[in-house]
Amino acid sequence: MRTRTIAFALAVAAAAPVAAYAQEGTVSGAAGGAVTGAIVGGPVGAAVGGVAGAVVGTAMAPPREVHEYVVKEQRPSIRYEGDVQVGSTLPEDVEIYSVPDTDYSYTVVNDRRYIVSSKRKVVEVVE
């Protein structure tokens with residue numbers, strides 16, 4: 001039983017970075033945690049993993065105000081040949097715009113809006 005508990009803890013710890021980049025925050029975090037928990041700990045592990053994943057997913061999602069700001073702002077879209085997805089880091093030549101009173105920025109690339117962390121990492125695609 002102790003081995004199973006340690007294995008579950010390691011699996012949750014390994015899944016945390018994945019959940020951190022989940023685009024849908026709580027929902028994706030809960031789903032990822034539940035799957036990991038089920039694999040390692042069966043039904044009880046699924047329940048515990050789902051709760052842990054939801055907490056991580058919620059903690060990493062940008063605030064609603066950031067999302068609202070990005071949606072209402074009008075900036076020109078730039079063309080970029082690289083792959084832009086959650087978790088990727090944008091190069092210096094991609095212009096980003098700060099969101100006031102937050103640590104977030106955003107950009108508009110290939111007609112899609114992206115919320116970006118302070119280290120130019122894409123944290124959410126705005127749909």
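Heavy atoms only: backbone and side chains are in, while hydrogens, waters and symmetry mates are out.
Between the side chain of S118 and the backbone N or O of D103, no donor-acceptor pair lies under 3.5 Å.
The pair K72-E68 does not count as a salt bridge, with every side-chain nitrogen at least 4.0 angstrom from each carboxylate oxygen. A salt bridge links R112 with E127: the closest approach of a Lys/Arg side-chain nitrogen to an acidic carboxylate oxygen falls below 4.0 angstrom.
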Next item on the list: Before giving the answer on side-chain contact (heavy atoms from CB on, under 4.5 Å), spell out for V71 and V126 the whole-Å C-alpha distance, their side-chain angles and the decisive distance to 0.1 Å.
Entry: CA-CA 7 Å; V71 168; V126 178; 3.6 Å; yes
Margin query: The test is side-chain contact (heavy atoms from CB on, under 4.5 Å); show your working for R120 and I96 and say whether it passes.
Written below: CA-CA 8 Å; R120 303 184 68 86; I96 60 171; 3.4 Å; yes
Next item on the list: Could you walk me through whether V66 and I115 pass side-chain contact (heavy atoms from CB on, under 4.5 Å), step by step?
Entry: CA-CA 8 Å; V66 171; I115 296 175; 3.9 Å; yes
Notebook entry, point to check: Please walk me through it: do L90 and V84 pass side-chain contact (heavy atoms from CB on, under 4.5 Å)?
Noted result: CA-CA 8 Å; L90 297 173; V84 180; 4.2 Å; yes
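Nearest approach of S117 to Y104, heavy atoms of both residues: CA-CD2, 4.5 Å. Considering all non-hydrogen atoms of both residues, N110 and R79 come closest at CA-NH1, 3.1 Å. Minimum interatomic distance between P62 and V123 (heavy atoms only, all atoms of both residues): CG-CG2, 3.9 Å. A pairwise comparison of heavy atoms in R113 and V70 identifies NH1-O, 2.9 Å as the closest pair.
Within 6.0 Å of CG on D101 lie no more than 12 heavy atoms contributed by other residues, nucleotides or ligands.
At least one side-chain heavy atom of V86 sits less than 4.5 Å from a side-chain heavy atom of V125.
Atom-to-atom distance recorded for R75:CZ and E73:CD is 6.0 Å, nearest 0.5 angstrom. Summarising the geometry, atom OG belonging to S105 is positioned 16.0 Å from atom OH belonging to Y114; distances are rounded to the nearest 0.5 Å.
Using bins of under 30°, 30° to 60° and over 60° for the plane-to-plane angle, the ring pair Y97/Y106 lands in the tilted bin.
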